[in-house]
Amino acid sequence: MEKLKILKKHFGYDNFKSGQEKIIENILDERDVMGIMPTGGGKSLCFQLPALILDGVTVVVSPLIALMKDQVDGLIENGIKATYLNSTLTNSETNKRITELLNNEYQLLYVAPERLLSNDFYNLSKKINISLVAVDEAHCISQWGHDFRPSYKNIPIFISQLKKRPIVAAFTATATDYVIKEIKKLLELKNPYELITGFDRENLFYKVIKPSDKYRYLKDYLNNKFTEGSGIIYCSTRKVVESLSNKLRKDGYKVDYYHGGMDTQSRNEIQDKFMFDEINIIVATNAFGMGIDKPDVRFVIHYNMPKNMESYYQEAGRAGRDGKKSDCLLMYSPSDIVKQKYIISQNIMNEERRKIQNENLQKLVNFCHTNNCLRKEILNYFGEDTEKDKCDNCGNCLNDSEFVDMTIESQKILSCIYRTKERFGVNVIIQVLRGSKDKKILSRNLDKVSTYGIITDYSQGGLRELIMNLIARSYIVMTTDQYPVLKLSASSRKILKGEEKIFIRKERVNIKDKKKSSVKRKTDYDYDKDLFELFTIKRKEIAEKRGVPPYVIFHNNTFEELAYFKPVTKEAFMEIKGVGEKKYDSYGKIFIEIIENYMN
Ligand code: ADP
């Protein structure tokens, strides 16, 4: 009864959201808690409400210094005695708050984990009664989580130094078993009450898109679908963030950008502009968003692929906190995957961690290739069963385009993997199937296997798409080594024996080799922009050496086609528009080498 009254009085709500009441009851029974709820699920209330009932003060450990003021101001607005201590305060402000804490004037104290082990804080904590330590964004303690913060390791040390062990409640939106186990272990939770609420966010519409021109798609969306509220566009690098934001601004949108390379003051200013609706679109790297509780975010668009499913769900989850219909659009592009793989291969980490990161990335790739209900895929990923196979609120469920039978092509692919003894990766399998005369293929005698050259009417990109689809549906297993290899799975047999058929959406079978057809305009190619850039760098170098303008070497049109078809044999290269014998003789090998290096 008391809980409901407080809920109404201080927070203005009549009912608890799913899971909140159970968590609060357990905290009040002095039991540790591990609360796993999706972004927007209402985690804050789970520790804020008990803080009003328990004696003493609740210490909230949060990584979000920039947002502490907003959070505390919000609580004060609700008539709750709350404060924070962090590096933005002057000495006299800090001292004043410490005195007030000693006089038991606060129910909630927000601190950053860095502060926990400082002398001042240690002295203070010995003199006040801390009844509950709430750890927000608790996955930051796990090296395996995607937001690891070393200072989170201070938390258990701090707790162990207290005279009386307080109740410890940890909260996260991350639900992989491994991370949860780590949180419980590293925070030394004692027999915690564990609650995972449903991860479904019914109001969110999920869609994976593969636009041939991302910017055009984005503008079209903003002009026709975006009518109120605000939106977030995530890009993978600071460079893309800045250039996309500038381009949008020039085109008249109220937009700004945010990334980790900006100083704190600029970031805070931009964040405020977004929160206070001075701008309604923010273009950002993943540095933006943790703790952002703007209710009316109507869309989250991933302009580049995120790192993995978890980051995706957390970032996409920033849409529609107010429960209104909102869009989560993921723009898929294979070159983003290449980039992410590269980043993983370059980062310093142990092999086990690298393997986990590669696996996690692959799950996201599978998500982009599935024909199934996207909501179901997400929920299953988070270990939640779904009753229905279709949600009728995602890009796949609402896609009524027809399916095309690709069973025979799939059988050829599987058979090729088998004949080449499950020793090669995607590129080699594609080359063998297409009958490549590449040195590496010939020197390994792969032209002698019976599946050599049995698929000639699909481009490399097209075959790659089909192979990815088969991986997504577990008919092929891709290992997660540094050089991933394709292997058959237990269910491959069903396809090979004709017991199961493979159907793919028509628009994804847009893979018949179009290279001979002159009707295809260059803008139709979803060509690889990174590879294109590599070509232009090389062209500039050659042009300077030879003292000729770059277009004399190759036109951009040619580069676009090259960056789309990625030919690695002479015959394939010669089929590209703008490549004749002479051009091939002069430059063919140089550019093929660039393609090969890039693909590897
Ligand atoms: P999380 O930290 O899990 O991402 P928040 O704690 O920010 O989520 O809560 C998300 C939104 O839900 C906030 O706008 C919050 O005010 C609202 N909310 C929380 N509890 C309730 C409730 N019992 N009834 C209605 N709205 C709630």
Side-chain angles (χ1 to χ4, degrees), residues 1-25 27 33-53 58 60-64 66-80 82 108 110 132 134-140 145-147 169-175 180 183 194-204 229-230 232 271 274-275 277 286 288-298 300 310-324 326 328 382:
M1 198 49 212
E2 191 187 8
K3 286 183 306 242
L4 275 175
K5 262 198 212 146
I6 295 177
L7 182 68
K8 183 74 192 155
K9 179 172 171 222
H10 285 287
F11 300 92
Y13 304 129
D14 293 320
N15 303 301
F16 285 107
K17 279 190 172 190
S18 162
Q20 284 178 330
E21 192 166 14
K22 280 265 164 231
I23 289 185
I24 291 169
E25 273 170 10
I27 292 179
V33 159
M34 174 80 243
I36 303 137
M37 295 164 126
T39 311
K43 288 185 277 297
S44 323
L45 197 123
C46 295
F47 54 82
Q48 289 167 348
L49 196 145
L52 307 186
I53 298 176
T58 290
V60 184
V61 184
S62 160
L64 309 162
L67 295 172
M68 278 181 194
K69 183 169 183 317
D70 289 351
Q71 287 168 340
V72 165
D73 285 349
L75 289 168
I76 294 170
E77 283 297 311
N78 283 340
I80 295 168
L108 279 135
Y110 282 69
L132 168 65
V135 183
D136 205 4
E137 314 285 359
H139 60 278
C140 293
H146 48 279
D147 290 312
F171 297 92
T172 178
T174 300
I180 306 273
I183 296 175
E194 192 171 326
L195 185 129
I196 304 188
T197 62
F199 263 68
D200 192 13
R201 303 273 310 277
E202 284 175 12
N203 59 320
L204 300 187
S230 50
I232 307 174
Q271 195 162 288
F274 183 66
M275 299 302 266
D277 289 330
N286 60 5
F288 176 77
M290 211 205 288
I292 291 288
D293 50 5
K294 196 168 194 311
D296 67 345
V297 175
R298 286 285 80 81
V300 170
E310 241 122 78
S311 323
Y312 173 62
Y313 201 52
Q314 203 156 67
E315 287 157 16
R318 290 175 186 139
R321 277 172 185 256
D322 54 7
K324 282 169 72 175
S326 308
C328 305
F382 286 111

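Numbering starts at 1 and runs along the sequence shown. Note that ligands are numbered from 1 as they come in the structure, with each ligand's atoms numbered from 1 the same way. The model shown is predicted, which means the values in this text are computed figures rather than measured ones.
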Interatomic distance, CG@L132 vs CD1@I27, rounded to 0.5 Å, equals 5.5 Å

What part of M37, side chain from CB on, backbone N/CA/C/O, both or neither, has a heavy atom under 4.0 Å from ligand 1?
neither

Aromatic plane relationship, F382 with F199 - under 30° parallel, 30 to 60° tilted, over 60° perpendicular:
parallel

Quick check: closest heavy atoms across S62 and Q71, and the distance to 0.1 Å?
OG-OE1, 4.4 Å

Could you identify the single nearest non-hydrogen protein atom to atom 6 (O) of ligand 1 and state the distance to 0.1 Å?
S44 OG, 2.7 Å

Quick test: of every protein heavy atom, which one is nearest to atom 7 (O) of ligand 1, and how far off is it to 0.1 Å?
R321 NH1, 3.1 Å

I'd like to know if the side chain of N78 reaches the main chain of I80, judged simply by a donor and an acceptor atom lying under 3.5 Å from each other, with no hydrogens or angles considered.
no

Look at the side chain of K43 and the backbone N and O of P38, then say whether any donor-acceptor pair between them is shorter than 3.5 Å.
yes

Is atom 23 (N) of ligand 1 touching the protein, meaning some protein heavy atom lies under 4.0 Å away?
yes

For P38, the ligand 1 atoms with a heavy-atom partner under 4.0 Å come out as 3 (O)

What is the closest protein heavy atom to atom 13 (C) of ligand 1, and at what distance does it sit?
Y13 OH, 4.6 Å

R298 with D296: basic N within carboxylate O range, under 4.0 Å:
no

Minimum distance, heavy atoms only, to atom 12 (O) of ligand 1: which one of K17, E21, K43, Q314 is it?
K17

Residue, atom and distance of the protein heavy atom nearest atom 20 (N) of ligand 1 read Q20 NE2, 3.0 Å

A quick test of your reading: do over 12 heavy atoms of other residues, nucleotides or ligands sit less than 6.0 Å from CD of E25?
yes

With backbone taken as N, CA, C and O and side chain as the heavy atoms from C-beta onward, which portion of N15 lies under 4.0 Å from ligand 1: side chain, backbone, both, or neither?
backbone

Ligand 1 contact by P295, heavy-atom criterion under 4.0 angstrom:
no

About how many Å separate CG of L49 and NE2 of H10, when rounded to the nearest 0.5 Å?
8.5 Å

Atom 9 (O) of ligand 1 - nearest protein heavy atom and its distance:
G42 CA, 3.5 Å

Counting each atom of ligand 1 from 1 as listed, which ones have a heavy atom of F16 under 4.0 Å away?
23 (N)

Which protein heavy atom lies closest to atom 1 (P) of ligand 1, and at what distance to 0.1 Å?
G40 N, 3.5 Å

Gap separating the CG atom of N203 from the CZ atom of R321, nearest 0.5 angstrom
11.5 Å

